[in-house]
Amino acid sequence: MNPVRPAGADLEAILEHAPFGLAIADSEGQRVYVNQQASLCSSALEPHAMRELRFASKTGDRAFNCSLWLDIEAKPVFDEEIFRLAFFDELTGLPNKTLLARTIGAELEAQPDAEAALLLVDLDGLGRTNDYYGAAFTDGLIAAFAERLSGCVRRSDILGYLSNGMFCVFVTDLSDLDLPDYAGAILDRSKEPFQVKGIETFSSASIGISMFAKDGASFEELLVSADQALRGAKSESKGRVGYKPDTSARPGNGDMSVEQRLRTALRDHRLCCAYQPKVDIHTNGVVGIETLLRWRDDDGQLRVLGDFVNLATDAGIIDAVSEHVVDEVMTSLPQIDAVFSHGTSISLNITAHQSTDPDFMRKLLDRLTSYRRPERFVLEITEEAFLNGDLLSRNIMPMVREAGVKVSIDDFGVGYSSLSALAAVTADELKIDRSFVQNVHQRPRSQSVLKAIESLGRALGMTLVIEGVETREEVDYLKQHTAIRIAQGYYFSKPFALEEFTLDDEALPAARQPEQARTQAPARSSPNRSQR
């Protein structure tokens, strides 16, 4: 037998006396039904005692937005545990992606003309934290940050947790809010110390922001746009706020587009090496070269791929790209010797993750030691890898030293500079970031910092190389006021492919004027003949 359905009037009577509040509004925001409990909820003196759930529904071709209020103190009419597991993150207690999608989707449908924004807040460096302290400590840090973030957002905003230290904040009303200040306050709070398992630790966060409806008309579209903004911010440096890039002004520069071009270029062997000399500033002799990756365009020109390292890492092809670079260098050694000299060192860049991967490093070193003089090669590693000094010194450095290959700390001074890391790992070379040489003759504070880094490097027995030298004034300052002999930058030469070099270029040009160094194509360098 079919159960008897109550008439409409009976159903309305049931809803009027239901132990939950129910309000239904049409697509224009006009309420079409409110029961008695919902009226009480909206005027409750203690709104925190109520839980509000929002969801969208359709009847035929009509769309409705529903709000459901439940008394937290009362026993729910459904299984609370099942609901919690389905819609809330167990670690942080915050709404998960499923509930965020439903809630934010309902907000967007209810207010299609609203000024709103979605913020992706990402805790920086969780991988290193997990490697050093362990998973339990990392979970504690995420939970502590969730509690702190809850105190930063407004009551009207929607906060949730996605995964892997990634939080979502949906700002529902921008009419009286300065969004950059709001995001900046979150970043400032993230930098304050945390107490996790009795240990004081410091962290930071990066934020990507997408705007409704310019960057997306749905939760998923806003999420993708905010992720692109986050990647852009972190590609410059961590602890920043980024907005979705204007891809309409730069067609084809989206992350996915560049990733696909990178995969195609790797498959079609259109990735090639360019080399930038390291020069003794007192003799103008080339003492080393840094290997850089370029993409050969359809017209044969070499193009910089932008932030391809992060893209290649995320795409899982960074090891294949590195193997391609090493293979090209090894097969090009006769041409390298013809352009430069047999004594010129050859630097190869590897990522922080690769440098602490024993399998990758073992394959790389085997390839380099197949050459009769492995001591000619220098592995340039960013400072980030040296934060995990124990792993590097215990598992990796013995292999490197046994192979005879040298190690350089790249971009020193702007990343995760750590004196304890420098003490734990013995490096052969210290590359000082270009920010310390830019207009150094006019910046006393940069001069003092440069002197301190120089003293540190020499005390640890490392060769010093300064990057990004572009003007005659910078070279003159280095000559007259420092003991740094080796420099690299556009003042001496841009990176160039071997086939671009002609043996008519006998030696480095005479020192140029600053405006020439910046506006003219730098000369290609060859060593002094006496050095061959």
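- Taking CD from E380 and CG from D410, the interatomic distance works out to 4.5 Å, rounded to the nearest 0.5 Å.
- Under the 3.5 Å distance criterion, the side-chain polar atoms of D124 are matched with a main-chain donor or acceptor of G239.
- Contact of the Q276 side chain with the K494 side chain is not registered, since no non-hydrogen atoms from C-beta on lie closer than 4.5 Å.
- Side-chain contact check for Q438 and E474: no donor-acceptor pair (N or O, by modelled atom type) lies under 3.5 Å.
- One finds the CG atom of N65 at 6.0 Å from the CD atom of E109 (value rounded to the nearest 0.5 Å).
- Atom CD1 of I186 and atom CZ of R148 lie 12.5 Å apart (nearest 0.5 Å).
- Inter-residue side-chain proximity for L222 and F212 is flagged as met; some heavy-atom pair is nearer than 4.5 Å.
- Side chains of F167 and L162 form no contact here, defined as non-hydrogen atoms less than 4.5 Å apart.
- You'll find the side chain of L126 reaches within 4.5 Å of the side chain of L123, heavy atoms only.
- Between the side chain of N439 and the backbone N or O of Q442, no donor-acceptor pair lies under 3.5 Å.
- Checked by atom type, the side-chain pair D122/S206 shows no donor-acceptor distance below 3.5 Å.
- Side chain of T92 to main chain of L94: a donor-acceptor pair is present (N/O by atom type, distance under 3.5 Å, no hydrogens or angles).
- Side chain of T291 to backbone of S347: a donor-acceptor contact under 3.5 angstrom is found.
- Ion pair R154/D157 flagged as a salt bridge, since at least one NZ, NE, NH1 or NH2 atom sits closer than 4.0 Å to an Asp/Glu carboxylate oxygen.
- The closest side-chain heavy-atom distance from F88 to N96 is not below 4.5 Å.
- With sequence neighbours excluded, the residues satisfying side chain to side chain contact (heavy atoms under 4.5 Å, CB included) with Q195 are E200.
- The two residues A183 and V241 make their nearest non-hydrogen contact at CB-CG2, 3.9 Å.
- Few gaps surround CD on E192; more than 12 heavy atoms of other groups in view lie less than 6.0 Å from it.
- From I104, atom CD1 reaches atom CD of E220 across 10.0 Å, with rounding to the nearest 0.5 Å.
- If you check the side chains of D319 and S322, you find no donor sitting under 3.5 Å from an acceptor.
- For L187 against R240, the heavy-atom pair with the smallest separation is CD1-C, 3.9 Å.
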**Request:** Evaluate side chain to side chain contact (heavy atoms under 4.5 Å, CB included) for I142 paired with L91, printing each intermediate quantity in order.
**Result:** CA-CA 8 Å; I142 293 173; L91 175 61; 3.8 Å; yes
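- Side chains of I350 and I381 form a contact here, defined as non-hydrogen atoms less than 4.5 Å apart.
- V169 is not listed as a side-chain neighbour of I158, based on a closest heavy-atom distance of 4.5 Å or more.
- Taking both residues in full, the closest heavy atoms of Y490 and E470 are given as CB-CG, 4.5 Å, listed atom of the first, atom of the second, then distance.
- Annotation: the span from S210 atom OG to L223 atom CG amounts to 7.5 Å, rounded to 0.5 Å.
- Annotation for Y161 and L100: closest pair N-CD1, 4.2 Å, computed over non-hydrogen atoms.
- Remark: C273 SG to H324 NE2 distance equals 6.0 Å, nearest 0.5 Å.
- The local environment of CG in N164 is sparse, with at most 12 non-hydrogen atoms from other residues, nucleotides or ligands closer than 6.0 Å.
- Under the 6.0 Å cut-off for aromatic ring centres, F219 and F170 do not qualify, their centroids lying 6.0 Å or more apart.
- Annotation for A229 and G242: closest pair CB-O, 3.4 Å, computed over non-hydrogen atoms.
- Residues L120 and M166 form a side-chain contact, since some pair of their non-hydrogen atoms from C-beta on lies under 4.5 Å apart.
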Could you pull out every donor-acceptor pair under 3.5 Å between side chains of residues 21-29 and any protein atom, sequence neighbours left out?
from, atom 1, to, atom 2, distance (Å)
D26, OD1, E28, N, 3.0
D26, OD1, G29, N, 3.1
D26, OD1, Q30, N, 2.9

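- Look at R434 and E467 and you find no salt bridge, because none of the NZ, NE, NH1 or NH2 atoms lies under 4.0 Å from a carboxylate O.
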